[in-house]
Amino acid sequence: MKSIDLMYQTMLAELGQRSLDAAWTADFPPEGRFTPANIKGRKYWYFDIPDGHGGTKRRYVGSADDPVIAQRVADHKRDKDDLRARRRLVNTLTREGGMIAPDAMSGDIVEALADGGLFRLRGILIGTVAFQCYSGLLGVRLPMAAILTGDADIAQDYAISREVEDSLPPILELLQGVDASFRPVPHRSGAAVSSAFQNADGYRVEFLTSNRGSDDYIDQPAKMPALGGASADPLRFLDFLIREPVRTMLLHRSGVPVVVPDPSRYAVHKLIVASRRNTDGQGPAKREKDIRQAALLFEALQQTRRSTDLALVYNEAWRRGPTWREGIRTGAGMLPAQDAERLNTVLTEGGKRNGEEIELPFGE
């Protein structure tokens with residue numbers, strides 16, 4: 001796997017900083033002010049802006065414990081936008097630096113959701129569009145065959161959606177602003193709400209959330225107050241994937257600041273997901289893609305000396321119980337021999353460095 005030159009990795013970091021500056025300038029103009037609020041014993045930042053009628057409109061910003069947000073609160077009047085310079089950076093990173101740009105539809109969808117406040121409201125981009133971001137995040141070149149997609153998957157924790165007291169604009173309006181043919185997909189449960197939206201060409205945007213501990217919720221859409229009228233499908237194992245996500249860039253137009261799963265969690269989660277795919281329809285093709293993406297990340301994590309990160313999240317998943325262990329074993333058993341050996345090596349090395357015992361998924 002070929003590494004991306006340090007010069008381009010540095011440019012990506014600069015793009016991320018400039019894009020975050022621009023996003024904050026748009027979301028939090030100078031005429032507003034940041035206001036702290038204590039909710040259930042924790043401090044959060046909100047932003048109050050005049051509504052033009054003598055009152056104010058309040059927007060959720062994030063946790064006061066987040067150092068990035070704290071710095072932004074301190075510096076928010078200083079932020080400047082430099083759209084053209086950022087667009088030049090994106091072109092250099094994708095054309096010369098070997099990093100990955102999403103297809104136009106995926107990029108436009110994520111940009112519209114980001115502009116609407118998705119990531120400010122602690123939404124997380126998951127699935128293959130998130131995987132496309134790992135090239136720049138890890139500093140390696142990923143093969144195009146592993147990144148092609150016809151959908152965008154978005155996750156948000158159920159409790160967060162209920163507690164932030166803010167929301168995206170109407171989600172269907174956001175999507176139709178990109179493509180007027182987007183329509184809600186009727187939910188399989190027969191519920192009157194939708195967790196997925198699809199355009200005339202079959203491009204699908206789906207909203208997901210973590211399961212709340214009972215299989216009774218699995219087939220019922222969860223009401224998500226922060227998602228602009230969209231519901232979300234509860235999924236098992238999703239809480240593991242979206243824990244401790246990371247900020248990075250989607251290299252679309254002038255750059256879109258996004259939040260994605262930690263790559264180690266993404267890789268382990270893909271093993272579990274692959275083990276649970278159906279054997280009919282698109283199941284086999286999706287399973288093959290899951291395994292391919294997991295294998296590529298295991299290789300990238302080894303190459304970039306992140307074996308300790310992988311070992312920590314692997315042990316976390318392994319210790320969650322027999323269902324989790326069976327999913328990991330089954331998924332790991334689908335890896336080609338070379339990739340399986342690499343996984344063994346990375347886990348063993350990471351476990352030693354962490355001072356933790358590792359039970360490998362392949363047995364003796």
Side-chain angles (χ1 to χ4, degrees), residues 13 15-83 86 110-125 154-171 173-174 177 207 209-210 222-232 239 242-250 254-261:
L15 173 66
Q17 185 66 48
R18 290 186 177 189
S19 297
L20 202 56
D21 288 348
W24 275 72
T25 300
D27 281 340
F28 309 114
E31 60 267 26
R33 67 187 182 93
F34 288 95
T35 305
N38 288 298
I39 300 175
K40 296 184 179 180
R42 295 190 64 184
K43 183 179 177 182
Y44 297 89
W45 283 109
Y46 286 79
F47 188 76
D48 293 336
I49 187 169
D51 63 6
H53 304 285
T56 58
K57 181 179 180 180
R58 173 162 288 192
R59 306 177 70 184
Y60 172 79
V61 180
S63 171
D65 296 331
D66 188 324
V68 174
I69 290 176
Q71 187 62 46
R72 287 292 173 186
V73 171
D75 296 344
H76 109 275
K77 288 187 178 180
R78 187 204 64 194
D79 293 339
K80 303 292 183 183
D81 192 5
D82 55 351
L83 181 68
R86 289 189 288 120
V110 175
E111 184 175 41
L113 294 173
D115 289 346
L118 175 69
F119 301 110
R120 176 176 58 83
L121 296 172
R122 298 169 71 179
I124 302 170
L125 179 64
I154 308 295
Q156 187 185 52
D157 181 78
Y158 176 78
I160 288 172
S161 193
R162 294 187 64 86
E163 292 174 4
V164 296
E165 298 181 354
D166 197 355
S167 176
L168 291 170
I171 197 68
E173 291 182 14
L174 284 178
F207 295 89
T209 192
S210 46
K223 295 181 179 179
M224 306 291 283
L227 292 183
S231 294
D239 63 310
I242 64 176
R243 184 179 179 185
E244 300 174 338
V246 295
R247 287 187 175 93
T248 188
M249 294 299 300
L250 187 70
S254 57
V256 183
V258 296
V259 179
V260 299

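Given the structure is predicted, the values throughout are model-derived calculations rather than measurements.
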* To do: Find out whether Thr209 and Gln156 are in side-chain contact, i.e. whether some heavy atom of one side chain is under 4.5 Å from a heavy atom of the other.
  => no
* Looking at residues at least two apart in the chain, or sitting in another chain, which of them share a side-chain hydrogen bond (donor to acceptor under 3.5 Å, both in side chains) with Ser167? -> none
* Could you list the residues that satisfy side-chain hydrogen bond (donor to acceptor under 3.5 Å, both in side chains) with Thr248, not counting sequence neighbours? => none
* Where do Glu163 and Ile39 land on the side chain to side chain contact (heavy atoms under 4.5 Å, CB included) test, with the steps shown first? -> CA-CA 9 Å; Glu163 292 174 4; Ile39 300 175; 5.8 Å; no
* Checking side chain to side chain contact (heavy atoms under 4.5 Å, CB included) for the pair Ile154/Leu125: CA distance, chi angles, key distance, verdict? -> CA-CA 5 Å; Ile154 308 295; Leu125 179 64; 3.7 Å; yes
* Structure fact -> Sequence neighbours excluded, the answer for side chain to side chain contact (heavy atoms under 4.5 Å, CB included) partners of Pro36 is Lys43, Trp45
* Ala155 and Ile242: which non-hydrogen atoms are nearest, and at how many Å? -> CB-CG2, 3.9 Å
* **Pro261 side chain near Ile124 side chain, heavy-atom distance below 4.5 Å** => yes
* **Exercise: identify the closest heavy-atom pair between Ala232 and Met224** => CB-CG, 3.6 Å
* Structure fact -> On a heavy-atom basis, the closest approach of Gly32 and Phe47 is CA-CZ, 3.3 Å
Under 3.5 Å, side-chain donor or acceptor atoms of residues 114-122 against the rest of the protein: list the pairs with distances, not counting sequence neighbours.
from: Arg120; atom 1: NH1; to: Tyr60; atom 2: O; distance (Å): 2.4
from: Arg120; atom 1: NH1; to: Asp166; atom 2: OD2; distance (Å): 2.9
from: Arg122; atom 1: NH1; to: Tyr60; atom 2: OH; distance (Å): 3.3

* **Nearest-0.5 Å distance that lies between atom CZ in Arg59 and atom CZ in Phe34** => 10.0 Å
* Quick check: does any side chain N or O of Ser254 sit under 3.5 Å from a backbone N or O of Arg86, one acting as donor and the other as acceptor? -> no
* Closest non-hydrogen atom pair, Phe207 against Ala230 -> CD1-CB, 4.0 Å
* Who are the side-chain hydrogen bond (donor to acceptor under 3.5 Å, both in side chains) partners of Arg42, not counting sequence neighbours? -> none
* Asked: Arg247 and Asp66: which non-hydrogen atoms are nearest, and at how many Å?
  -> NH2-OD2, 3.2 Å
* Closest heavy-atom contact between Pro245 and Val259? -> CB-CG1, 3.5 Å
* Can you name the residues that form a salt bridge (Lys or Arg N to Asp or Glu O under 4.0 Å) with Asp239, not counting sequence neighbours? -> Arg320
* Asked: Do Ser161 side-chain atoms and Ala226 backbone N/O form a donor-acceptor pair below 3.5 Å?
  -> yes
* First locate atom CZ of Arg33, then atom OG1 of Thr56, and finally report the distance between them rounded to the nearest 0.5 Å. => 7.5 Å
